[in-house]
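Reviewing the structure listed below.
Numbering starts at 1 and runs along the sequence shown.
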Amino acid sequence: LLLTKTRSAWGACGLMCLVYAVKIDRRFLLALLLVPVLFVGNPSLRERLADVTAATEVDNFSQLNDDNRLNSYVWRQALWESAIPVVLERPLLGHGLESFKPATPSFFSLIGPQGIDGHNFYLQASFEMGLLGLLALIWLLGCVAYRLVKGLRRDPPGLLVILCILATYLLESYSDNMHFYLSFNWYFWFVMGTIGAWLYKDE
């Protein structure tokens, strides 16, 4: 997990461990104290964290060069701001599946001709499937959350962990291309489907 250098994944994992330590097993709080040691001992991890705080303010993309760059989060914000007007061109049905990446060179000058995904699952869903697609995604995830919350009385610690997995998936979707990770989604939806079926069977 550390070697991926994915900061949102670090935060999501940290949140899960914190909830587990506070609500289920307090002994894990001691283990969390060791996390800063991992970053102190690895310069590349420290640099990855420092990149978030090194924000660059520019009035125009033409001001960017090798010495004046956007950090990765500000870069994402610039991408999202550039995509929103295009989303609003077809707000109801969107531009079609898999259309975001090839379309990015036309509205985002910081990317090459190959294009790039949205680094925001919700924005990309809005771009490709419009409001109807976004509402369908929210309905799907909302139904899963509702069933898990409703089933908490069956196994509070176990369902709390599953709820944390869902919550971190939602948080990760804000700043990453969660739809892109096929193997991860297989595991995620298999777990959610299995737990949902178990809760439904015993209603």
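Looking at residues two or more places apart in sequence or on another chain, you find a ring-ring contact (aromatic ring centres under 6.0 Å, His included) between F28 and Y20. With sequence neighbours excluded, no residue satisfies ring-ring contact (aromatic ring centres under 6.0 Å, His included) with Y187.
Taking the side chain as every heavy atom from C-beta outward, W189 and T194 never approach each other to under 4.5 Å. Between M192 and I162, some side-chain heavy-atom pair lies under the 4.5 Å cut-off. At least one side-chain heavy atom of H95 sits under 4.5 Å from a side-chain heavy atom of V86. For the pair V161 and V19, the minimum side-chain heavy-atom distance is 4.5 Å or more. In this structure the side chain of F121 never reaches within 4.5 angstrom of the side chain of D176, judged on heavy atoms.
A side-chain donor-acceptor contact under 3.5 Å links E128 and Q124.
Note that the CZ atom of R147 and the CD1 atom of I195 stand 12.0 Å from one another [nearest 0.5 Å].
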| query | Under the ring pair (Phe, Tyr, Trp, His ring centres under 6.0 Å) criterion, do Y174 and W80 qualify, and how do the steps go? | reply | CA-CA 11 Å; Y174 166 70; W80 302 338; 5.2 Å; yes
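Looking only at distances, no side-chain donor or acceptor of D117 sits under 3.5 Å from a matching main-chain atom of H119. Panel note: side chain N177, backbone F180; no donor-acceptor pair is recorded below 3.5 Å. Looking only at distances, no side-chain donor or acceptor of R90 sits under 3.5 Å from a matching main-chain atom of V87.
Following chains of ILVMFWY side-chain contacts shorter than 4.5 Å, one can reach L166 starting from I138, so the two form part of one hydrophobic cluster. Under the 4.5 Å side-chain contact rule for hydrophobic residues, L140 and I165 share a cluster.
Using cut-offs of 30° and 60° on the angle between ring planes, the pair F184 and Y169 is parallel.
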